[in-house]
Amino acid sequence: MIDIKTFMLVLAVGNIAFAMLMAGYARSGAVHPAMRMWKWAKLVQGVANLLAYLQSAGAPLWMGVATASVLVLGITLEAAAYCTFLGYERWRRLLYPLTVLALLLYYLAPLAGASARDLGMMLSLMIALFSGAMAGALLRPGRAASALQRIIGVNNLVFAAAMALRACFSHASLGVVGGAPGVVQSVAYIAGYLLMIVNGFGFLLLCKEKDDRAMALLATIDSLTGLVNRRAFFERTESARMLAARLRSPVSLMMLDLDHFKSLNDRFGHAAGDEALCVFSATAQASLREHDIMGRLGGEEFALVMPGTDLAGALQAAERLRLAVLAARLPALRDKHAMSVSIGVVTIEPGEHINAALARADHALYVAKSAGRNRVEAGQAN
């Protein structure tokens, strides 16, 4: 079985190497703030492991206490990195007081006559507590978690259990015989090594996973309005049409255009125009169903697909939307400008290309504009 000093050296090299790896990754561009915390957590833990390796068998008790304190601070930083990454807001109110309390009890234990064995048991319990807390943050019920996040959470949970068992078996009063303490020690070593490997690479992959989601969002979402962009609109519309065809369900399409948008920009500036687009999109989204698809095609032009809705239902929905937009106000302009929208509505025919349906809806929109704006017009069937 590997001895404790060699194990500390392995952990020291591994944690410091991970800290250097993350420092290099952070230099490649903007990174999540949790990555910086994680980097310092790995570095502090590596230093603590190195100090433990360098200590001789007859070292004073205070040196062991100091090394354990550095290790606990490193684990606290690791827990803080998880909480920051996962978006917990009030973690500081619990984590920092818990760390201070744990260290205070650890410092007072020698004054109460605690032996080196007792301090080792206390350290194992503290590590188990913090690892369990990290597992709880990663595996918290009710929060969406990726498979990678669950793997890391389970790994932390296993390590917490191993350290808790190590603390229990290290207590002399249990009188354990038959080699059980050696087995538990081996399990703790293996769990600790897996924790370093899985958590180190896992956190990097978690950050990459988050960056990939952000990039995918940027590729499909209009940054100003929060609606899907033109490309994503066509992709989602095609998927909705295919499903509707299998279900033999109607699909309606609207073309929407904000009235007098150019004059709004010319009179009040582009900031007012941007605000109008945001208010309009928020108003529209508030009146839509979850499976409706609304996208910004460009400028002040929008398109809306309503799966499972026939022409009559779409005309009613368009009228409700028109009235909602008419009632909306631009906070920056107060009553200086009243928004309105013109809408052209058609039902997509079976087998009809989306561009052909858009052309019919756009013609209906032109009719609405020509008839005085702020109105809904139904397009002609093929």
Point to revise | Side chain R360, main chain T347, donor-acceptor under 3.5 Å | key: yes

Point to revise | Backbone of N15 reached by a side-chain donor or acceptor of Q45 within 3.5 Å | key: no

Exercise for review: Return yes when atom CH2 of W40 has more than 12 non-hydrogen atoms of other residues, nucleotides or ligands closer than 6.0 Å, and no otherwise.
Suggested key: no

**Study point:** Ring centres under 6.0 angstrom apart (F18, F201)
**Key:** yes

Point to revise | R236 side-chain N/O to V305 backbone N/O, donor-acceptor pair under 3.5 Å | key: no

Check your understanding: M122 and L104: same hydrophobic cluster, using ILVMFWY side-chain contacts below 4.5 Å?
Key -> no

Check your understanding: So, do L9 and N49 sit near enough that their side-chain heavy atoms are less than 4.5 Å apart?
Key -> no

Review point. Can you tell if the side chain of R140 reaches within under 4.5 Å of the side chain of Y88, non-hydrogen atoms only?
Key: yes

Review point. So which heavy atom on G46 is nearest to which on I16, and how close?
Key: CA-CG1, 3.8 Å

Check your understanding: Do the side chains of M126 and L94 join up, straight or via other hydrophobic residues, at under 4.5 Å, putting them in one cluster?
Key -> no

Review point. Please walk me through it: do R320 and S287 pass side-chain hydrogen bond (donor to acceptor under 3.5 Å, both in side chains)?
Key: CA-CA 8 Å; R320 287 195 301 268; S287 65; over 6 Å; no

Exercise for review: May I ask you to decide if A12's main-chain N or O and Y53's side chain share a donor-acceptor pair within less than 3.5 Å?
Suggested key: no

Check your understanding: About how many Å separate CG of L129 and CE of M134, when rounded to the nearest 0.5 Å?
Key -> 9.5 Å

Practice item. Can you see which heavy atom on R231 is nearest to which on T220, and at what distance? Key: NH2-CG2, 4.5 Å

Exercise for review: Evaluate the side-chain contact (heavy atoms from CB on, under 4.5 Å) criterion for residues F261 and L277: first the C-alpha distance (whole Å), next the side-chain angles of each, then the deciding distance (0.1 Å), finally the verdict.
Suggested key: CA-CA 9 Å; F261 185 75; L277 294 173; 3.8 Å; yes

**Study point:** R329 side chain vs L326 backbone, donor-acceptor pair below 3.5 Å
**Key:** yes

Check your understanding: Is there a donor-acceptor contact under 3.5 Å from the side chain of S281 to the main chain of C278?
Key -> yes

Review point. When hydrophobic residues are tied together by side-chain contacts of less than 4.5 Å, even through go-betweens, does V10 share a cluster with M163?
Key: yes

Exercise for review: Side-chain contact test, heavy atoms from C-beta onward, threshold under 4.5 Å: evaluate it for E319 versus Q316 and give yes or no.
Suggested key: no

Exercise for review: Check the surroundings of atom CZ in R248: do more than 12 heavy atoms from other residues, nucleotides or ligands lie under 6.0 Å from it?
Suggested key: no

Practice item. Please tell me if the side chains of I354 and L358 come closer than 4.5 Å, counting only heavy atoms from C-beta onward. Key: yes

Check your understanding: Are any side-chain N or O atoms of S252 and backbone N or O atoms of T309, one a donor and one an acceptor, separated by less than 3.5 Å?
Key -> yes

Exercise for review: Enter the distance from F130:CZ to E78:CD here, rounded to the nearest 0.5 Å.
Suggested key: 11.0 Å

**Study point:** Atom pair CZ (R241) and CD1 (I293), whose distance is rounded to the nearest 0.5 Å
**Key:** 11.0 Å

Check your understanding: If you count the non-hydrogen atoms of other residues, nucleotides and ligands that lie under 6.0 Å from NZ in K262, is the total more than 12?
Key -> no

Check your understanding: What closest approach, in Å, do M294 and A284 show between heavy atoms, and which atom pair accounts for it?
Key -> SD-CB, 3.5 Å

Review point. Does a side-chain heavy-atom distance below 4.5 Å link L73 with L77?
Key: no

Check your understanding: Any side-chain heavy atom of F159 within less than 4.5 Å of one from N199?
Key -> no

Review point. Hey, does the side chain of E377 reach the backbone of A364 with a donor-acceptor pair shorter than 3.5 angstrom?
Key: no

Point to revise | Shortest non-hydrogen separation from T283 to A328 and the atoms involved | key: OG1-CB, 3.9 Å

Check your understanding: Any donor and acceptor pair, going by atom type alone, linking the side chain of D118 with main-chain N or O of S115 inside 3.5 Å?
Key -> yes

Check your understanding: So W38 and Y82, would you call those rings parallel, tilted or perpendicular, with 30° and 60° as cut-offs?
Key -> perpendicular

Exercise for review: Carefully, step by step, assess I343 and L304 under the rule side-chain contact (heavy atoms from CB on, under 4.5 Å).
Suggested key: CA-CA 10 Å; I343 307 174; L304 170 61; over 6 Å; no

Point to revise | Residue pair M306 / A314: nearest heavy atoms and the distance that separates them | key: SD-CA, 4.4 Å

**Study point:** Heavy-atom check, side chain of I151 versus side chain of V154, under 4.5 Å
**Key:** no

Review point. Quick one: does Q380's side chain get under 4.5 Å of H363's, heavy atoms only?
Key: no

Revision key, fill the gap. All heavy atoms of G295 vs all of F233, minimum pair found to be N-CD1, 3.8 Å

Point to revise | L43 with L54, same ILVMFWY side-chain cluster at under 4.5 Å | key: no

**Study point:** Between CG on residue N265 and NE2 on residue H270, distance to nearest 0.5 Å
**Key:** 5.5 Å

Point to revise | Spacing of L71 atom CG and T76 atom OG1 [to the nearest 0.5 Å] | key: 9.5 Å

Check your understanding: Counting N and O atoms only, with roles assigned by atom type, does the side chain of T67 sit under 3.5 Å from a partner on the main chain of A48, one being a donor and the other an acceptor?
Key -> no

Check your understanding: What's the spacing between L323 CG and S340 OG if we round to 0.5 Å?
Key -> 11.5 Å

Review point. Are the charged groups of K369 and D259 less than 4.0 angstrom apart, N to O?
Key: yes

Check your understanding: Can you check side-chain contact (heavy atoms from CB on, under 4.5 Å) on L86 and Q149, steps first, answer last?
Key -> CA-CA 10 Å; L86 296 172; Q149 186 175 320; 3.7 Å; yes

Check your understanding: Side-chain heavy atoms under 4.5 angstrom apart, residues restricted to Ile, Leu, Val, Met, Phe, Trp, Tyr: same cluster for I75 and V70?
Key -> no

Review point. Any chance the side chains of R296 and T225 put a donor and an acceptor closer than 3.5 Å?
Key: no

Practice item. Answer yes or no: does atom OH of Y366 have more than 12 heavy-atom neighbours from other residues, nucleotides or ligands under 6.0 Å? Key: no

